[in-house]
Amino acid sequence: MDPVIIVGTGLAGYNLAKEFRKLNKEQPLTLLTSDDGRNYSKPMLSTGFTKDKTADQLAMADADTMAAQLGAEVRTGVSVSTIDTSAQTLQLDNGETLPYSQLVLAWGAEVFRPPLEGDGLEQVYSVNDLMDYGRFRIALEGKKRVAIVGGGLIGCEFANDLTNGGFEVEVMEPLGRPLPTLLPEQASAAVQQGLEAIGVKFRFGPYVTAVNQADGGVVLSLSDGSAAEADIVVSAIGLRPRIKVAQAAGIDVNRGIKVDRFLRTNAANVYALGDCSEVEGNVMLYVLPLMAGARALAKTLAGTETAVAYGPMPVAIKTPACPVVVAPAPNGVEGTWEVEADGLNVKALFKDAAGTVRGFALTGESTAEKNALAKQLPPLLG
Ligand SMILES: Cc1cc2nc3c(=O)[nH]c(=O)nc-3n(C[C@H](O)[C@H](O)[C@H](O)COP(=O)(O)OP(=O)(O)OC[C@H]3O[C@@H](n4cnc5c(N)ncnc54)[C@H](O)[C@@H]3O)c2cc1C
């Protein structure tokens, strides 16, 4: 029988493979990845300095160890370039064609890069996997000043971690406050205050237009005509689900690869899981939804069709200078924030028109209320 093929060895791909092997030890299983296939937890990439771990120390197992553990073939450094959904085959970038009985796209999200000009772009790094992180850590050696483009979740986590590592950090955020799309203003203010207290600088308003080399470092030009100096730049303005190869294969996509509650695409025997997927309209670039998805999809692949359900899914943001837990409201839910603030401790409830709590944001000591509040939330996908 043709193998089950999982494309991707991130948390989605490897967790699915583990869950599947609990149910089925016989079926040939192949994992394909364009990276080196090491098993690691991506959220740890923004804690390397705080936890004093290099890229290699963050790797939990290499591809061969994973292959042995999973009773699977794990092929590294190969990229899926096309899929023929009627022949049930896929093509690799080396020209090889592989047949599948069932195919799972778990190929993640790609970094969105701003259209920057200048001759300093080689000093602009994005960190979206362990290999990126390894290169970034080497580039940081001997450097002092880090400019972070983007003050969202990843930008703020790196700001905290790099400061803990002894770097001077400046964060550029056009939207005027940290975590602008996740938090209400008072909670952003607490995060700003916490990060500033450890030395992080913020520059709000203008966006970065160019990065040019200067005196061994770089100079960033901003849209209001101002400039900032740094030795190295981290770009953290966002991630987009990878959809191109699926779209070219006639698989329905929207923001992500469209799947139903069974994680099925519109093509027979093709599924999507994790950061690349859009589950009934929900694109959630977090670990908890992909773990729930992996458990359900493993059952489906093993022969028992199982829909995924999402309970409340609060996300802890790793800014120890001001801890944050946020449970974003489901897509499309309108509402208003109700906020109680006491210094760094903010408790904000997001209520819909009927007054029901649909999401929350907690900072500082208020994060202790996470579990109690999560219990009150309706499930994201019941
Ligand atoms: C710095 C950082 C901190 C984070 N912190 C948190 C957190 O605290 N909590 C939380 O819930 N979430 C966090 N996230 C998000 C979380 O890490 C992701 O949601 C999750 O890791 C996504 O896993 P994935 O397997 O879907 O994708 P990925 O880990 O991106 O894996 C994609 C895989 O597909 C492979 N691939 C891609 N294209 C191809 C191709 N064409 N052919 C073959 N292989 C391909 C890649 O090589 C890789 O193996 C964080 C993310 C980052 C970057």
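Order of listing sets the numbers, starting from 1, for every ligand and every atom in it.
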Colleague: Below 4.0 Å, non-hydrogen atoms only: which portion of L290 touches ligand 1? Side chain, backbone, both or neither.
Modeller: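 Answer for L290: side chain.
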
Colleague: Only heavy atoms of G274, strictly under 4.0 Å: list the atoms of ligand 1 that pass.
Modeller: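 Ligand 1 atoms under the 4.0 Å threshold to G274: 26 (O).
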
Colleague: Considering only protein heavy atoms, which is closest to atom 45 (C) of ligand 1, and at what distance to one decimal place?
Modeller: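 The answer is S34 OG, 3.3 Å.
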
Colleague: Between R255 and E278, does at least one N-O distance fall below 4.0 Å, as a salt bridge requires?
Modeller: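 Salt bridge between R255 and E278, a charged N being under 4.0 Å from a carboxylate O: no.
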
Colleague: Check whether any side-chain heavy atom of R145 lies under 4.5 Å from a side-chain heavy atom of F167, and answer yes or no.
Modeller: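 No; the side chains remain at least 4.5 Å from each other.
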
Colleague: Could you list the atoms of ligand 1 found under 4.0 angstrom from a heavy atom of A106?
Modeller: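 What qualifies from ligand 1 is 32 (C), 33 (C), 34 (O).
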
Colleague: For K143 and I232, which heavy atoms make the closest approach, and how far apart are they?
Modeller: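 Minimum heavy-atom separation between K143 and I232: CB-CG2, 4.3 Å.
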
Colleague: For F262, look at atom CZ and say whether over 12 heavy atoms of other residues, nucleotides or ligands are found less than 6.0 Å away.
Modeller: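 Yes, CZ of F262 has more than 12 neighbouring heavy atoms, counting only those of other groups under 6.0 Å.
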
Colleague: Just need the protein heavy atom nearest to atom 4 (C) of ligand 1, so name the residue and atom and give the distance.
Modeller: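 Minimum-distance protein heavy atom for atom 4 (C) of ligand 1 reads P43 CA, 3.6 Å.
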
Colleague: Looking only at protein heavy atoms, identify the closest one to atom 27 (O) of ligand 1 and say how far it is in Å.
Modeller: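 Nearest protein contact, heavy atoms only, for atom 27 (O) of ligand 1 is G108 CA, 3.4 Å.
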
Colleague: Using a 4.0 Å cut-off to any heavy atom of V7, which atoms of ligand 1 qualify?
Modeller: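 Going through ligand 1 atom by atom, the ones under 4.0 Å from V7 are 42 (N), 43 (C), 44 (N).
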
Colleague: Got the closest protein heavy atom to atom 15 (C) of ligand 1, with its distance?
Modeller: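 Minimum-distance protein heavy atom for atom 15 (C) of ligand 1 reads L285 O, 3.3 Å.
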
Colleague: Is the closest basic N to carboxylate O distance between E305 and R261 below 4.0 Å?
Modeller: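 No, E305 and R261 are not salt-bridged.
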
Colleague: Ignoring hydrogens, just give me the one of A294, A12, S41, G48 whose non-hydrogen atom is nearest atom 25 (O) of ligand 1.
Modeller: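 Checking each option, the heavy atom nearest atom 25 (O) of ligand 1 is found in A12.
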
Colleague: Under 4.0 Å from any heavy atom of E157, which atoms of ligand 1 are there?
Modeller: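 It comes down to these atoms of ligand 1: 3 (C), 5 (N).
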
Colleague: Tell me the protein heavy atom at minimum distance from atom 41 (N) of ligand 1, and give that distance in Å.
Modeller: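 Checked against all protein heavy atoms, atom 41 (N) of ligand 1 sits closest to V80 O, 3.2 Å.
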
Colleague: Below 30° counts as parallel, above 60° as perpendicular, anything between as tilted: where do the rings of F136 and Y133 land?
Modeller: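 Taking Y133 first and then F136, their aromatic rings sit tilted (interplane angle of 30° to 60°).
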
Colleague: Can you tell me which residue and heavy atom of the protein come closest to atom 30 (O) of ligand 1, and the distance to 0.1 Å?
Modeller: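 Atom 30 (O) of ligand 1 sits closest to the protein heavy atom K42 NZ, 2.9 Å.
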
Colleague: Counting neighbours of CD on E117 that are heavy atoms of other residues, nucleotides or ligands and sit closer than 6.0 Å, is the number greater than 12?
Modeller: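 Check fails, neighbour count at 12 or below.
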
Colleague: Starting from atom 38 (N) of ligand 1, what is the nearest protein heavy atom, named by residue and atom, and what distance separates them?
Modeller: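 Going atom by atom, the protein heavy atom closest to atom 38 (N) of ligand 1 ends up being W107 CB, 3.5 Å.
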
Colleague: If the cut-off is 4.0 Å to any non-hydrogen atom of G8, which atoms of ligand 1 fall inside it?
Modeller: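 Taking each heavy atom of G8 in turn, ligand 1 has 33 (C), 34 (O), 35 (C), 49 (O) under 4.0 Å.
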
Colleague: Does the pair D62/R38 count as a salt bridge with the N-to-O cut at 4.0 Å?
Modeller: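 No.
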
Colleague: Geometry only, no angles: is L239 polar-contacting ligand 1 at N/O separations under 3.5 Å?
Modeller: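 Checking ligand 1 against L239, no N or O pair falls under 3.5 Å apart.
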
Colleague: Under the criterion side chain to side chain contact (heavy atoms under 4.5 Å, CB included), which of T76, V80, V78 is the partner of T33?
Modeller: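 So, applying the side chain to side chain contact (heavy atoms under 4.5 Å, CB included) to T33 and each of T76, V80, V78, only T76 qualifies.
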
Colleague: Check P378 against V357 and note the closest heavy-atom contact, atom names and distance.
Modeller: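 It is CD-O, 3.4 Å.
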
Colleague: Mark up the atoms of ligand 1 that fall under 4.0 Å of a heavy atom belonging to K318, in ascending order.
Modeller: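 Near K318, meaning under 4.0 Å from one of its heavy atoms, ligand 1 has 4 (C), 5 (N), 6 (C), 7 (C), 8 (O).
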
Colleague: Check for me whether G37 has a heavy atom closer than 4.0 Å to any atom of ligand 1.
Modeller: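 It does not, in that no heavy atom of G37 comes within the 4.0 Å cut-off of ligand 1.
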
Colleague: N94 side chain to E96 main-chain N or O, any donor-acceptor pair under 3.5 Å?
Modeller: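 Checking the backbone N and O of E96 against the side chain of N94, a donor-acceptor pair under 3.5 Å is found.
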
Colleague: Going hydrophobic residue to hydrophobic residue with side-chain gaps under 4.5 angstrom, can you get from I257 over to Y100?
Modeller: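 Yes, same cluster.
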
Colleague: Which one holds for C276 and ligand 1: side chain close, backbone close, both close, or neither close, with close meaning a heavy atom under 4.0 Å?
Modeller: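 Near ligand 1, C276 shows nothing, with every heavy atom at 4.0 Å or more.
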
Colleague: Heavy-atom contacts with S46 under 4.0 Å: which atoms of ligand 1 show up? List them by number with element.
Modeller: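 Under 4.0 Å from S46, ligand 1 has these atoms: 1 (C), 3 (C).
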
Colleague: Could you tell me whether E338 and K351 have a side-chain N and a carboxylate O separated by less than 4.0 Å?
Modeller: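 Between K351 and E338 there is a salt bridge, with a charged N closer than 4.0 Å to a carboxylate O.
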
Colleague: Taking 4.0 angstrom as the limit and counting only heavy atoms of T33, give me the atoms of ligand 1 inside it, by number and element.
Modeller: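 What qualifies from ligand 1 is 35 (C), 44 (N), 46 (C), 47 (O), 48 (C), 49 (O).
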
Colleague: Can you tell me which residue and heavy atom of the protein come closest to atom 52 (C) of ligand 1, and the distance to 0.1 Å?
Modeller: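 Among all protein heavy atoms, the one nearest atom 52 (C) of ligand 1 is I154 CD1, 3.8 Å.
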
Colleague: Between S81 and ligand 1, which residue portion shows a heavy-atom distance shorter than 4.0 Å: side chain, backbone, both, or neither?
Modeller: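 No part of S81 is near ligand 1 at this cut-off.
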
Colleague: Is there a heavy atom in T9 that sits closer than 4.0 Å to ligand 1?
Modeller: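 Within the 4.0 Å threshold, so yes.
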
Colleague: Ion pair present between E170 and R203, side-chain N to carboxylate O less than 4.0 angstrom?
Modeller: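 Yes, E170 and R203 are salt-bridged.
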
Colleague: Which is closest to atom 10 (C) of ligand 1 by heavy-atom distance: V78, V287, N15, N128?
Modeller: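 It is V287 whose heavy atom sits nearest to atom 10 (C) of ligand 1.
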
